[in-house]
Amino acid sequence: MTKAEGTATPPPPIVPWMEFQNQEMWEKALHLGRKVLWKGKTCIQRPGDDVTGIFLIREGVIKVSATSAEGVQRTLWFMGPGSILGEAALFAGQRNTHHIDAVEDCVAYEFSRSNVVDRLLVDHPDLGEALLTNLATKSYIMSTQVEESTFLSAHRRICRFLYGLCLSRNSPQISLSHSVIAELLGLHRVTVSNAIGDLKRRGLLEERGHDLVVADIGAIASLINSDI
DNA sequence: GCATTAATTCTGT
DNA sequence: ACAGAATTAATGC
């Protein structure tokens with residue numbers, strides 16, 4: 001608790017969107033990796049694929065999702081620059097279990113298992129810590145989603161998501177469609193459309209082109225803890 | 001390069 | 001489930 005007590009600023013909501021700005025620490029290790037490019041809207045990995053290393057995402061955004069046998073998709077989280085893909089499977093000795101798609105053109109660096117274990121972790125404790133931070137973030141995203149989906153109303157979850165995304169991305173602009181948000185939160189698309197329409201009517205949200213812009217972040221924040 | 005059409009996606013009821 | 005608006009892709013000139 002670094003801040004004063006009186007005005008207890010609640011911790012920012014955990015949202016299923018990973019992104020880390022301090023990427024400088026990775027510069028010293030990039031030579032150990034292999035640069036890879038992923039074209040937008042293409043598949044990166046499917047369930048069952050062998051995991052031979054980890055990927056540091058430097059540019060672009062990818063989507064991690066689970067798919068039922070019938071083909072229904074449930075997005076688990078998005079990953080942006082500074083986040084690491086594949087470390088959970090690598091350390092658990094598991095094959096990949098999710099669908100991973102590039103939603104836009106991406107630049108990443110792949111580090112082999114041996115380079116991670118013998119070089120990164122040994123020579124660069126800060127990178128080891130970054131790996132743990134990445135892993136812990138995924139863990140919190142999943143537990144928070146379970147928690148919110150069982151205890152919170154759809155309306156509140158949408159407000160939490162919009163608010164948390166603004167804070168973590170440090171931008172009021174949200175360029176996600178209603179159906180993408182619905183898949184991410186496990187809600188019906190129409191539920192998301194109605195809730196967002198409601199927030200727009202109240203002036204808390206605005207539409208800029210095809211994007212949403214949070215106009216009154218304070219009001220959205222207050223809605224997180226009070227329904228309707 | 002530009003204009004039309006066809007297809008697909010997005011939103012609000 | 002459906003309709004209108006808005007994008008995007010494809011085609012022809």
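Naming convention: chains lettered A, B, ... in sequence-line order (proteins, then strands); numbering from 1 in each chain.
Taking the ring centroids of Phe55(A) and Trp38(A), they lie under the 6.0 Å cut-off.
Using a 4.0 Å cutoff to heavy atoms of chain A, the contacted part of DNA chain B runs 5' to 3' from dC10(B) to dT13(B).
A straight line from NZ of Lys41(A) to P of dT7(C) spans 16 Å, rounded to a whole angstrom.
Residue contacts for Lys200(A): at a heavy-atom cut-off of 4.0 Å it reaches the sugar-phosphate backbone alone, with no base atom in range.
Atom CD1 of Ile196(A) and atom NE2 of His155(A) lie 10.0 Å apart (nearest 0.5 Å).
For the residue pair Glu19(A) and Trp17(A), a side-chain donor N or O sits within less than 3.5 Å of a side-chain acceptor on the partner. Side chains of His178(A) and Ser193(A): a donor on one and an acceptor on the other come within 3.5 Å. A donor atom on one side chain and an acceptor atom on the other are not found under 3.5 Å apart for Ser153(A) and Arg157(A).
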